Structures are given as C-alpha cells and as structure tokens.
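Residue indices begin at 1 and follow the sequence shown. Since this is a predicted model, take the numbers as computed values, not measurements.
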Amino acid sequence: MKHVTLPGGEVVPSMGQGTWKMGERPERRSDEIAALRAGVELGMTLIDTAEMYGDGAAETLICEALGDRRDQLFLVSKAYPQNASRSRLAGACEASLKRLGTDRLDLYLLHWRGSVPLAETIEAMEALKSAGKIRHWGVSNLDTDDMDELVAAGGDGCVTDQILYNLVRRGPELDLLPWLAQHKVPVMAYSPVEQGRLSSHPALDCQTAFKRDPRSASKRDPFSDMMLVC
C-alpha cells in the first residue's frame, strides 16, 4: 500500500474506503460490514464517510463494522455546509462522533461550500481541533477560486481538498490540481473508478496500455500523490 504525507508529516494510506450509499438497505448490511472489514485487512484503513450519507446511517454502520478496530483507522467524515458555522459545527461533529462510536475524527471536511463564510468555518474547525475533537480538517468540492479565498481567510490549516477526479472527469487538471500542488495541499480523489463503471476501462489495464504505448511504463501516474477513496 502506498502512502501520502499530510502537511505536518502524518502518513496515511493512499487508498481508502468510501461509504456513500452504505447502511441504507438492511438486506445489504452484512455484506457491507464484511466489505469494510476485508478492506481494513488489506490495508485500506482510511475510512471516508459523511453525516449526509444515509442521514448518519453510514457512520453507524462503520461503528458496527469497525468499532473494535478504531486505533487502526484513519476516520474521515464531512459536515453539511449549513452546519459549518460557529454555532452548529460542534454539534454536527458531536453527532458524527456518537454515531461512529469514537471520541475524535482524524479528518473533518466541509462537504461542499454553502452560505457560511469560509472564515467562520475555519474558526469553527480550528476550535474543534483545539478541543481534541478532530485531528485535522479540510474541504471537499472546492474549486480554485474557493481555495484562494480559503487561504486568504486564514485557512492554512487545511490538509486536503476532496474532489471528484478520475479518467472521465479530468476538469481539475486545468487549474485546481496545479494550484493544490503549488500550495502543497494533498488531493483526495473520490469516485476514482466512477463507482465501478471504469473498472473495465482499457486505460486501467497496465498490460493493454503498455502494448498500445511502451513508453507508458515510464510515464508518471497522475494518481501517485493522491489519496483515493473508492
């Protein structure tokens, strides 16, 4: 398993498990629990979730599946933008912690940008960090202009931007990925195989790619420095 180094030096797995749509269908629960446990056994100890996923059902499922392995995990959750204020973020975080059965999040993200000023969200995130409720904070679905504003508002503590990025969704390559690289903010890519739809894409077959272009073996993997949430 490859790893990515966060600002500050902490090393985390480059590949994690996403939980969108988990915990919503009782007939799938045992399979979902088994999948999460198998992933952890394979080294995919970064677990990504959100209060939005099943209205908290995904967080509850994670607790059931992996609660006894908390110290092995790097837990990531996300807050609704309407909860990202001084008055509401602490409550949203506490609710996620309760559902997850833990006393801290390793990474807490603003799920997407809403009407709450970024400066206020930064203040609320830093307060949670100071209180020991979260260890790191970041953002999700913020574009280049948003990231410029985040930094200008004092958001130097942001450790990642979680974005939609894969072989058929390459818009971030235009300016966002260069911006993040320049500012040394690691990328966390969600849906890297488009929720499974790219699993048979020929570009993901190394042997096929090499036969088509032998020089491809020496080309840099665009995902090599990213965290991927599958």
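Applying side-chain hydrogen bond (donor to acceptor under 3.5 Å, both in side chains) to Ser96 and the options Glu51, Lys78, Glu59 leaves one that passes, Glu59.
Counting heavy atoms from C-beta on, the side chains of Val139 and Leu109 never come closer than 4.5 Å. A 4.5 Å side-chain heavy-atom check between Leu105 and Leu100 finds at least one atom pair inside the cut-off.
Under a hydrophobic-cluster definition in which Ile, Leu, Val, Met, Phe, Trp and Tyr are linked whenever side-chain heavy atoms come within less than 4.5 Å, directly or via other members, Val116 and Tyr80 are assigned to different clusters.
Side-chain N/O atoms of Tyr53 and Glu24 include no donor and acceptor closer than 3.5 Å.
Annotation for Pro192 and Cys230: closest pair CG-SG, 3.8 Å, computed over non-hydrogen atoms.
Between the Asp143 side chain and the Asp146 main chain, no donor and acceptor come within less than 3.5 Å of each other. Panel note: side chain Thr160, backbone Pro186; a donor-acceptor pair is recorded below 3.5 Å. When atom types are taken as modelled, the side chain of Asp161 and the backbone of Gly138 share no donor-acceptor pair closer than 3.5 angstrom. No side-chain donor-acceptor contact under 3.5 Å links Ser14 to the backbone of Val4.
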inquiry  = Could you walk me through whether Met226 and Leu177 satisfy the side-chain contact (heavy atoms from CB on, under 4.5 Å) test, starting with their C-alpha distance in whole Å, then the side-chain angles of each, then the deciding distance to 0.1 Å, before giving a yes or no?
reply    = CA-CA 10 Å; Met226 296 183 186; Leu177 293 186; 3.9 Å; yes

message = Walk me through whether Leu61 and Thr49 qualify under side-chain contact (heavy atoms from CB on, under 4.5 Å).
response = CA-CA 10 Å; Leu61 179 81; Thr49 189; over 6 Å; no

task = Walk me through it: do Met227 and Asp48 pass the test side-chain contact (heavy atoms from CB on, under 4.5 Å)?
result = CA-CA 11 Å; Met227 294 168 279; Asp48 177 83; over 6 Å; no

task = Apply side-chain contact (heavy atoms from CB on, under 4.5 Å) to Met15 and Met1, showing your working.
result = CA-CA 8 Å; Met15 186 172 292; Met1 176 72 68; 3.8 Å; yes

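A salt bridge links Asp106 and Arg70; the closest N-O separation between the charged side-chain nitrogens and carboxylate oxygens is under 4.0 Å. Taking the charged nitrogens against the carboxylate oxygens, Asp103 and Arg135 have no contact shorter than 4.0 Å, which rules out a salt bridge. The existence of a salt bridge linking Glu120 and Arg88 is excluded, since no basic side-chain nitrogen approaches an acidic carboxylate oxygen closer than 4.0 Å.
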